[in-house]
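All remarks here apply to the structure that follows.
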Amino acid sequence: MTGGRCPTLSELPEEVLGILTEARRGVLVTIDSRNRPHAVPVCYVIRNGEIVTPIDAKPKSSKRLGRRRNIEVNATATFLVDRWSEEWSHLGWVMARGTARVEPVAPALEELVARYPQYREVDPGTEAIVITPDDIAWWTWG
């Protein structure tokens, strides 16, 4: 078993970067107004050393999303992906902590559509949450 830590995505070992790039979904964690973790599964792409997750038009309970409100008050965010397998020697995870901001989704749109063809049919929205990692931890079985 091996683990590690680094400040940027570019410093991740190749196997660990593979966990991040191959995962189909991640979990975005923000802090709500009562200082509680708020975790939601999200689609994402890695772009210019940052994690970009669209605020798309899939059905949601509110137009004013909690994750967006949370970032406006506290920009601290954590992003987690894992590689699961019944063969435990294939297990692994990557957790990136950093600062989040809301930006236009347009610069990442081509990459999002390439990674998630569903965005050809589902509106990817106009905004994205962009996380700049400054502390990345990981673990793999091997």
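Residues: numbered from 1 along the sequence shown. In this text, all values refer to a predicted model and were calculated from it rather than measured experimentally.
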From Leu80 CG over to Trp93 CH2, what is the distance, rounded to the nearest 0.5 angstrom? 7.5 Å

Shortest non-hydrogen pair, Gly125 vs Asp123, comes out as N-OD1, 2.8 Å

How many angstroms lie between CD in Glu50 and CG in Leu9, if you round to the nearest 0.5 Å? 9.0 Å

Say you draw a straight line from CD1 of Ile71 to CG of Leu28; how long is it, rounded to the nearest 0.5 Å? 6.0 Å

Please name the pair of heavy atoms, one in Arg115 and one in Leu20, separated by the smallest distance, quoted to 0.1 Å. NH2-O, 4.2 Å

Keeping the roles fixed (side chain from Arg47, backbone from Pro107), state whether a donor-acceptor pair exists under 3.5 Å. yes

Strictly distance-based, threshold 3.5 Å: is any side-chain N or O of Asn74 a donor or acceptor partner for the main-chain N or O of Asn70? no

Arg24 charged N/C atom sitting above Tyr44 aromatic ring, 6.0 Å / 45°: no

Main chain of Ile136, side chain of Arg97: is a donor-acceptor contact present, judged purely on distance under 3.5 Å? no

Is the count of non-hydrogen atoms from other residues, nucleotides or ligands lying under 6.0 Å from Glu110 atom CD greater than 12? no

Between the CH2 atom in Trp139 and the CG atom in Leu91, the distance rounded to the nearest 0.5 Å is 5.0 Å

How far apart are the closest heavy atoms of Ala100 and Ala77, and which atoms are they? CB-CB, 3.8 Å

